[in-house]
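Per chain, numbering begins at 1; letters A, B, ... match sequence-line order. Just so it is clear, the values below take in all heavy atoms, side chains as well, and ignore hydrogens, waters and symmetry mates.
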Number of protein chains: 2
Amino acid sequence: MARPRIKDVARRAGVSEKTVSNVINDYAHVSERTRTAVREAIDELGYRVNLAGRHLRRGRTGIIALVVPELDIPYFADLAALIITEAERNAMTVLVHQTREDRRRELAALEGFGSDFADGLILSPLTLTGTDLRDRPGAPPTVLLGERVRPGQADHVAIDNERAAREATVHLLELGRRRIRVVGGREGTEPGTAEVRSAGHRAALEAAGLPWDPAVLLRVENFRALDGALAVRRLLEAGEQPDGLLCLNDQLALGAMRELHDRGLRVPEDVAVVGFDDVEGGRFSVPSLTTVAPDKHAVARVALELLMVRIAERDARTAGAPPRERVVAHRLLVRESTAGAGSRA
Amino acid sequence: MARPRIKDVARRAGVSEKTVSNVINDYAHVSERTRTAVREAIDELGYRVNLAGRHLRRGRTGIIALVVPELDIPYFADLAALIITEAERNAMTVLVHQTREDRRRELAALEGFGSDFADGLILSPLTLTGTDLRDRPGAPPTVLLGERVRPGQADHVAIDNERAAREATVHLLELGRRRIRVVGGREGTEPGTAEVRSAGHRAALEAAGLPWDPAVLLRVENFRALDGALAVRRLLEAGEQPDGLLCLNDQLALGAMRELHDRGLRVPEDVAVVGFDDVEGGRFSVPSLTTVAPDKHAVARVALELLMVRIAERDARTAGAPPRERVVAHRLLVRESTAGAGSRA
DNA sequence: CAGCCGTTGTACATCGATGTAAAAACTCCG
DNA sequence: CGGAGTTTTTACATCGATGTACAACGGCTG
């Protein structure tokens with residue numbers, strides 16, 4: 001009982017294979033009679049399209065590869081959820097890869113995993129450099145998220161990270177905080193999110209006439225709660241007394257808050273904490289977390305939009321337009337971790 | 001400049017197409033000479049396998065479809081992350097779908113999305129019934145996660161949910177709690193996770209000679225923190241005074257704890273809270289969350305194991321063995337939300 | 001009713017990689 | 001050096017769906 005093929009359906013309905021194909025693909029000029037006859041044959045046999053055959057013939061897979069560092073970091077999970085939903089709306093299916101911070105995996109992703117699996121690629125890079133993005137013959141259309149690798153190498157969607165960090169810092173400064181630390185530097189990576197956000201932080205300080213010291217950037221191993229907690233522990237054990245923390249994602253912030261709690265420091269009274277990403281955990285934590293909320297829906301929507309355009313261009317063998325840069329909105333959600341007792345956003 | 005094909009590589013290397021194919025697939029009997037010659041040609045042309053062609057010929061796609069309710073619920077994100085990693089170890093790629101609780105989507109998944117995309121399917125069902133799983137001619141090999149739909153319809157991996165709930169309840173009872181509520185019932189679903197866990201809860205009560213009342217099961221819309229908070233709010237506003245909450249996942253528990261906090265109730269002194277899943281949020285929350293921790297690595301590993309066996313059977317046209325049932329380990333991690341001040345697990 | 005046109009339906013080649021079967025090349029030994 | 005036995009390579013058919021090009025059909029006009 002092998003699966004039925006178009007051939008079987010055709011025989012059963014008494015038409016040609018192409019006619020069956022036409023019915024399946026809603027081709028206009030099929031009479032109502034034959035259309036129903038074919039539909040019936042399909043139902044009776046339980047026929048389902050073989051996508052391998054279709055892909056081979058059409059030259060498109062209908063698959064988008066999404067590459068994120070780790071899916072179990074809530075921000076990426078949120079993003080993936082939205083992208084999958086958005087892709088579906090574009091009749092695309094999403095295949096997810098994790099780089100687990102591995103540079104080789106990111107490069108492999110860029111190359112299309114040594115194959116041409118996907119029609120397009122959405123990539124949230126951590127370690128890639130500008131040069132990695134040049135000259136990728138045969139690589140699929142690509143949209144980068146988040147980090148501004150270097151302008152002009154590929155389509156890119158992100159919030160204005162520098163401005164966001166500046167606003168967050170201004171917020172802390174307005175609360176009178178002067179000993180602010182930034183949590184989330186990475187070792188040995190190219191200028192990435194951390195550096196851009198650091199620059200925003202610095203700009204805010206300098207605009208306020210305050211000095212800036214590169215040492216305020218605390219390094220972390222990863223972007224999980226544990227890393228935030230460890231960073232704060234090291235800081236406090238070194239005898240420092242911060243009164244504000246700008247954490248480069250919410251997980252770091254939540255870990256930091258837990259560590260502060262354990263050491264008897266109150267948030268926000270002793271230390272005000274700001275995060276990035278607006279994940280669910282920060283909305284229900286005690287205290288709830290002030291955060292820079294990117295418009296994630298927009299990120300997903302715009303990413304798909306850019307990608308679908310590129311894919312269409314490629315199909316049409318149109319000359320590729322220059323890389324497109326898209327900035328999506330963000331806003332600072334002020335919650336208890338900086339505002340004192342307040343309501344949940 | 002179209003992408004090179006095997007034909008082009010063959011011409012360049014001065015060998016047949018099949019020889020190129022043999023080199024690509026590490027076929028044993030290729031001399032070192034030709035092997036290197038072919039490799040060079042591949043590099044020079046930048047050749048990469050066209051998977052559509054390969055899939056068509058091989059009859060396998062190398063893709064596993066993972067279907068979860070929502071990827072932005074941390075437990076499912078954790079699981080997806082592990083499954084993707086595990087799949088990679090089996091040279092498989094994972095395509096993720098979300099049902100968003102939609103029964104039709106779950107059914108579509110069962111049918112292989114109207115196509116035969118994936119070699120196999122890993123499905124975490126919410127609304128499926130036993131009958132849905134019968135008679136799925138042509139459907140791909142399937143492994144179910146979590147909910148015991150009804151034994152004997154498909155391969156299945158889960159913890160012993162009833163025992164887990166019993167243990168968690170016993171833990172609450174040992175703390176002297178007597179007014180325990182279970183948070184996480186769903187409307188109108190088949191006997192699923194909630195019912196199985198409820199049964200465990202009931203068993204623990206009855207073993208202790210305590211009465212059980214179906215009304216202890218609080219309904220929720222979804223499994224997010226917000227739903228836990230709302231459930232607790234309704235409960236308290238109805239004038240009830242619970243001293244223990246058994247939440248059917250950590251998100252519900254975290255939301256519940258936040259609501260308790262807002263209403264001036266202390267955890268664990270006034271209300272002890274237990275969750276399920278052991279997600280990161282519960283390890284760093286204040287207080288940290290006691291939870292039933294399933295061995296998620298094992299879930300992922302066993303799921304892939306079962307699936308790969310089924311796929312191999314199918315390829316070999318072996319008669320399908322009867323459905324396999326696999327139980328993975330869990331343990332109760334006691335943290336501050338029930339234990340009083342303690343250390344973080 | 002011939003002639004034309006638009007609509008339906010068909011035969012066949014094709015997308016790219018690989019399994020099959022068999023030919024070619026090479027080894028080794030008497 | 002001939003021939004059996006083994007290793008390496010090849011030609012060709014095939015996986016399933018669909019685009020191309022064209023044939024068949026039906027209806028309408030003059």
Atom pair distance, as rounded to whole Å: CZ in R48(A) and P in dA17(D):
12 Å
Decide side-chain contact (heavy atoms from CB on, under 4.5 Å) for V68(B) and L71(B); before the verdict, give the C-alpha distance in whole Å, the side-chain angles of both, and the deciding distance to 0.1 Å.
CA-CA 7 Å; V68(B) 295; L71(B) 203 52; 4.1 Å; yes
Mind calculating the distance between CG (N22(A)) and P (dT18(D)) to the nearest angstrom?
9 Å
Separation of H29(A) atom NE2 from dG27(D) atom P, in whole Å?
17 Å
Interatomic distance, I73(B) atom CD1 to F223(B) atom CZ [nearest 0.5 angstrom]
8.0 Å
On the nucleotide dT10(C), are OP1 or OP2 found under 4.0 Å from the side-chain N or O atoms that T19(A) carries?
yes
Under 4.0 Å between a side-chain N or O of R54(A) and OP1 or OP2 of dG16(D)?
no
Would a distance-only check, ignoring hydrogens and angles, find a side-chain to backbone donor-acceptor pair under 3.5 Å from Q98(A) to E70(A)?
no
Within residues 37-44 of chain B, those residues having any heavy atom closer than 4.0 Å to DNA chain D are none
Atom OH of Y27(A) to atom P of dT8(C): distance rounded to whole Å?
9 Å
Under a 3.5 Å distance rule, please check whether D119(A) uses its side chain to pair with a backbone N or O of T61(A) as donor and acceptor.
yes
Without decimals, in angstroms, what is the distance between I24(A) CD1 and dG19(D) C1'?
15 Å
Is the backbone N or O of R5(B) less than 3.5 Å from a side-chain atom of D8(B), with the two atoms forming a donor-acceptor pair by type?
yes
It should be established whether T34(A) places a side-chain nitrogen or oxygen under 4.0 Å from OP1 or OP2 of nucleotide dT8(C).
no
If you measure from CG on L56(B) to CG on L51(A), what distance do you get to the nearest 0.5 Å?
11.5 Å
Minimum side-chain heavy-atom gap T85(B)-R100(A) below 4.5 Å:
yes
Heavy atoms under 4.0 Å, any strand shown: does V15(B) hit a base, just sugar-phosphate, or nothing?
sugar-phosphate
Flag side-chain contact, heavy atom, 4.5 Å: I24(B) against R54(B)
yes
Are the side chain of D26(A) and the backbone N or O of N22(A) linked by a donor-acceptor pair below 3.5 Å?
no
Could you state the CG-P distance from N25(A) to dA17(D), rounded to the nearest angstrom?
11 Å
Round to the nearest Å and state the distance from R60(B) atom CZ to dA17(C) atom C1'.
16 Å
Distance check: side-chain N/O of S31(B) vs OP1/OP2 of dT9(D), anything under 4.0 Å?
yes
Counting side-chain heavy atoms from CB outward, which of dT10(D), dT18(C), dG9(C) is closest to V30(A)?
dG9(C)
Please tabulate the protein-to-nucleotide N/O contacts below 3.5 Å involving nucleotides 11-15 of chain C, giving atom names and distances.
{"unit_1": "dT14(C)", "atom_1": "O2", "unit_2": "R57(A)", "atom_2": "NH1", "d": "2.6"}

What contact category does Y47(B) fall into here, base, sugar-phosphate, or nothing, at under 4.0 angstrom with non-hydrogen atoms?
sugar-phosphate
Whole-Å distance between dT18(C) C1' and L51(B) CG?
14 Å
Of all pairs that satisfy salt bridge (charged side-chain N to carboxylate O under 4.0 Å, His left out), the ones with a partner from residues 297-307 of chain A, not counting sequence neighbours:
E305(A)-R326(A)
